[in-house]
Each structure stands twice: as C-alpha cells, then as structure tokens.
Amino acid sequence: HALGKFGSGLPDRTLARLPFGPGVFRVVVVISRLPAMLAVVLDATAAVGGGNMQAAATSVALTLCYALWLKADLALMRG
C-alpha cells in the first residue's frame with residue numbers, strides 16, 4: 001500500500017521515465033485495500049458470532065471507511 005502511495009507522489013518527470021507508467025502505483029493501492037477489507041469483514045463476522053456487538057460495530061465502521069477510500073482510489077485511477 002505504501003509503495004503505491006509513495007509512487008503516486010513521485011514527480012511527473014520521474015514518472016515519465018518509468019517503463020510501466022504511473023497507473024501501476026494506483027493499481028497497487030487498490031489491490032492492497034482488498035485483503036485489508038477482507039480481514040475486517042472476517043473480524044466483524046467473528047465479533048457477531050461471539051456476541052461482541054461493540055467490536056462488530058467498530059469493524060463495520062472501518063469497512064465503510066475502506067469502501068470510501070477504495071471509491072476515491074478508483075476515481076483517481078479514472079482521472
């Protein structure tokens with residue numbers, strides 16, 4: 001994830017010299033969100049199964065944040 005974020009911040013001159021272009025960095029960020037979202041969803045499922053609704057609510061809130069960040073990352077890829 002950090003590689004994608006740092007790569008997106010490289011100067012345009014540096015990005016122009018890369019053989020794969022700047023889009024790869026944005027794809028890395030998007031791909032890195034998926035395992036994180038899966039882990040949080042699994043945590044929420046375990047919390048609900050264990051009756052810990054506070055932990056489940058926290059996991060659901062974090063999942064919503066990840067979804068919003070993913071939406072923003074996808075918008076950056078298109079633009």
Using atom types as modelled, flag every donor-acceptor pair under 3.5 Å from a side chain in residues 57-69 to any protein atom, sequence neighbours excluded.
from, atom 1, to, atom 2, distance (Å)
T58, OG1, Q54, O, 3.0
S59, OG, D43, OD2, 2.9
S59, OG, A55, O, 3.1
T63, OG1, S59, O, 2.8

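Between the CE atom of M37 and the CG atom of L70 there is a distance of 6.0 Å, given to the nearest 0.5 Å.
When hydrophobic side chains of Ile, Leu, Val, Met, Phe, Trp and Tyr are connected at separations under 4.5 Å, V41 ends up as a singleton with no cluster partners. Here L42 sits in one hydrophobic cluster together with L38; the rule is ILVMFWY side chains under 4.5 Å apart, joined directly or through other members.
Counting only residues at least two apart or in different chains, ring-ring contact (aromatic ring centres under 6.0 Å, His included) contacts with residues 26-56 are absent.
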